[in-house]
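Reminder, nothing fancy here: chain letters follow the sequence lines and each chain counts from 1.
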There are 2 protein chains.
Amino acid sequence: MTEASERFTRLHAALRDRICLLDYTPGTRLSEAELATEFKTSRTPVRRVLARLEDEGLVQTRHGIGTIVTDADIRTMAQTYELRMELAQLAGQLSPRPVQPADLQHLDALCRQAEALVATPDPRAFAVLNMHLHQFLTSLTSNAALCEVSDRLYYQTARIWLLAIPDLDLLSEVQIFAAEIWQIHTALSTGDLRAVALLRRAHISMSFKRLGGF
Amino acid sequence: MTEASERFTRLHAALRDRICLLDYTPGTRLSEAELATEFKTSRTPVRRVLARLEDEGLVQTRHGIGTIVTDADIRTMAQTYELRMELAQLAGQLSPRPVQPADLQHLDALCRQAEALVATPDPRAFAVLNMHLHQFLTSLTSNAALCEVSDRLYYQTARIWLLAIPDLDLLSEVQIFAAEIWQIHTALSTGDLRAVALLRRAHISMSFKRLGGF
DNA sequence: ACGCCATGAATTGCGTACAAAACACGCAGA
DNA sequence: TCTGCGTGTTTTGTACGCAATTCATGGCGT
């Protein structure tokens with residue numbers, strides 16, 4: 001990978017995470033000039049990243065106004081959520097790859113972090129952990145196309161939970177998450193990737209309901 | 001829609017179609033300067049379009065070398081094909097929209113074009129018609145996310161058939177297509193979108209087999 | 001006091017010059 | 001003749017200046 005594309009990847013991931021973790025709340029205006037200054041480059045590479053974020057639906061750029069972080073509410077995202085559920089289930093059917101011991105260790109670590117979170121709940125740390133779980137689960141299928149699409153849809157909907165957390169009970173949510181990740185751990189330890197995928201689908205469905213998407 | 005974004009959309013669609021219809025065969029080098037001259041603009045908007053095409057997997061840009069149309073063979077695209085099949089089926093389940101009389105007329109027109117193609121087979125005209133069928137079928141679901149994803153995957157695999165046609169029997173392929181589109185017409189006229197989707201999935205699966213993807 | 005227009009400030013979109021990188025080609029030397 | 005290096009050419013990547021667009025603000029007219 002060349003230096004330019006490395007920088008692009010880094011910048012893209014940085015801005016994407018800031019948006020999905022609400023460092024940039026919906027409506028925030030991102031200035032190309034400011035970002036260029038912060039990342040010690042010119043507007044050109046920044047514009048390239050922003051164009052991709054716009055393609056992914058995370059920002060919207062308008063001439064003469066600025067680049068604005070898009071809004072994300074559960075009602076308009078209902079269809080995306082539906083699709084995510086189906087794709088989560090597909091991950092258990094389309095070319096799953098053999099489960100390695102390292103996978104179980106990885107998930108073990110995530111489980112421990114979830115339990116630590118129950119002791120000291122924190123919205124942002126929860127969101128980060130949820131993101132890591134997603135990345136781990138997508139790594140379990142060897143279907144590259146499915147991974148790409150799932151990622152894309154995940155980042156489109158990732159903010160919704162964090163935006164809704166003031167209306168929810170954080171401790172309760174964390175406990176539910178910890179239980180879910182343990183269920184997934186149990187299924188994975190038997191090597192049953194289809195069960196893992198079905199659990200994931202069920203969890204996405206239930207979180208959608210809790211968020212008021214009906 | 002602003003003038004700039006209109007130009008972007010037009011340019012993007014033009015290049016995408018040229019790639020998918022093999023006006024630009026895999027390996028072709030696209031010069032930013034040449035495209036800028038052809039479309040009477042500067043390199044800047046062209047680069048933006050090429051960046052998006054790269055994100056979509058249709059070209060690959062490398063510093064100092066050029067922007068090269070990617071290769072597309074059935075073996076490496078097998079996973080994408082698998083996912084396309086599943087999504088085609090999902091289109092019949094996820095928020096299908098009511099079938100309008102205009103829809104049937106539209107499909108009627110496509111059927112007639114398919115029959116005309118049986119009389120005078122032509123690979124390119126066939127590919128165009130296939131593209132139109134895809135666009136029509138994706139318009140039958142109101143799930144915007146599913147439409148976007150299906151489109152993306154369709155354009156990634158669209159070239160494969162056209163590349164393989166020298167090894168196939170064109171007349172036979174056209175006849176199969178004409179039969180398929182009539183089947184879909186029959187299903188649609190009964191308003192059974194689930195059946196339409198299942199037929200589509202079956203057709204994709206069979207074409208994958210004929211292309212040697214196993 | 002209210003509405004309207006003009007003007008200025010801020011921002012993105014575009015065009016162009018230059019830097020960085022990769023390859024083709026020729027030439028020198030063994 | 002073959003190998004290796006250096007240089008020139010072509011291409012994409014970056015930086016920056018300017019054009020186009022939008023919005024806020026203030027002044028003017030009624």
Side-chain angles (χ1 to χ4, degrees), chain A residues 1-16 18-19 22-72 156, chain B residues 1-16 18-19 22-72 156:
Chain A
M1 189 183 259
T2 175
E3 182 192 338
S5 67
E6 263 180 34
R7 169 160 59 178
F8 173 82
T9 303
R10 193 176 57 243
L11 232 163
H12 173 72
L15 293 186
R16 184 197 59 196
R18 287 184 188 180
I19 292 172
L22 298 192
D23 294 331
Y24 298 143
T25 56
T28 303
R29 208 188 57 205
L30 306 182
S31 161
E32 297 178 354
E34 281 181 23
L35 291 173
T37 304
E38 177 185 347
F39 290 98
K40 294 180 173 46
T41 177
S42 77
R43 279 177 55 209
T44 307
V46 172
R47 283 178 59 75
R48 190 173 154 164
V49 170
L50 291 178
R52 178 135 165 196
L53 289 173
E54 183 172 23
D55 180 48
E56 294 170 335
L58 298 182
V59 302
Q60 187 178 14
T61 296
R62 277 186 298 175
H63 190 182
I65 301 181
T67 301
I68 293 168
V69 177
T70 55
D71 199 13
Q156 279 179 14
Chain B
M1 186 183 258
T2 175
E3 181 192 340
S5 68
E6 264 181 33
R7 168 161 60 179
F8 172 81
T9 303
R10 193 175 59 244
L11 231 165
H12 173 71
L15 292 187
R16 185 197 57 195
R18 287 184 187 179
I19 291 172
L22 298 193
D23 294 331
Y24 299 144
T25 56
T28 302
R29 208 188 59 204
L30 306 182
S31 163
E32 296 179 354
E34 281 182 22
L35 291 174
T37 304
E38 175 185 349
F39 290 97
K40 293 179 174 46
T41 178
S42 79
R43 279 177 56 209
T44 306
V46 171
R47 282 179 59 76
R48 192 174 151 163
V49 170
L50 291 178
R52 178 137 164 194
L53 289 173
E54 182 172 23
D55 179 49
E56 294 170 334
L58 299 182
V59 302
Q60 187 177 13
T61 297
R62 277 186 297 174
H63 190 181
I65 301 180
T67 300
I68 293 169
V69 177
T70 55
D71 198 14
Q156 278 179 15

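L30(B) comes within 4.0 angstrom of sugar-phosphate atoms only, judged by non-hydrogen atoms across all strands, and of no base. R29(B) comes within contact range of the sugar-phosphate backbone alone, with a heavy-atom separation under 4.0 Å but no base atom that close.
Whole-Å rounding puts the E3(A) CD to dT12(D) P distance at 19 Å. Atom CD in E32(A) sits about 11 Å away from atom P in dC14(C), given to the nearest Å. Between M1(B) atom CE and dT21(D) atom P there is a gap of 16 Å when expressed in whole angstrom units. Distance CZ (F8(B)) to P (dC14(C)): 10 Å, rounded to an integer number of Å. Going from atom CZ of R43(B) over to atom P of dA15(D) covers 14 Å, rounded to whole Å. Distance, R7(A) CZ to dT12(D) P: 18 Å, rounded to whole Å. What separates CD of E34(A) from P of dT12(C) is a distance of 9 Å, to the nearest Å. Atom CG of L11(B) and atom P of dG13(C) are 16 Å apart (whole Å).
Between V69(B) and T25(B) there is no side-chain heavy-atom pair separated by less than 4.5 Å.
Ion pairing between E38(B) and R18(B) holds under the 4.0 Å rule for side-chain N and carboxylate O.
A donor and an acceptor atom sit less than 3.5 Å apart, one in the side chain of T44(B) and one in the base of dG15(C).
Within a 6.0 Å sphere centred on CD of E34(A), heavy atoms belonging to other residues, nucleotides or ligands number 12 at most.
Note on S31(B): every side-chain N or O is 4.0 Å or more away from OP1 and OP2 of dT10(D). Remark: T2(A) is not in phosphate contact with dG13(D), judged by side-chain N or O atoms under 4.0 Å from OP1 or OP2.
If you check residues 47-63 of chain B against DNA chain D, the residues with a heavy atom closer than 4.0 Å are R47(B), T61(B), R62(B), H63(B), listed by number.
Going from atom CE of M1(B) over to atom CZ of R7(B) covers 13.5 Å, rounded to the nearest 0.5 Å. Rounding to the nearest 0.5 Å gives a distance of 11.5 Å between OG1 of T67(A) and OH of Y24(A).
Toward the 5' end of DNA chain C, the nearer of the two residues T67(A) and P45(B), judged by each one's closest nucleotide, is T67(A). Closest-nucleotide positions on DNA chain D for S42(A) and G64(A) were compared, and the one nearer the 5' end corresponds to S42(A).
Here the closest heavy-atom approach between residue L58(A) and residue R16(A) is recorded as CD1-CG, 3.8 Å.
Here the options are I19(A), V49(A), T28(A), the test is side-chain contact (heavy atoms from CB on, under 4.5 Å), and the partner is V59(A); only I19(A) passes.
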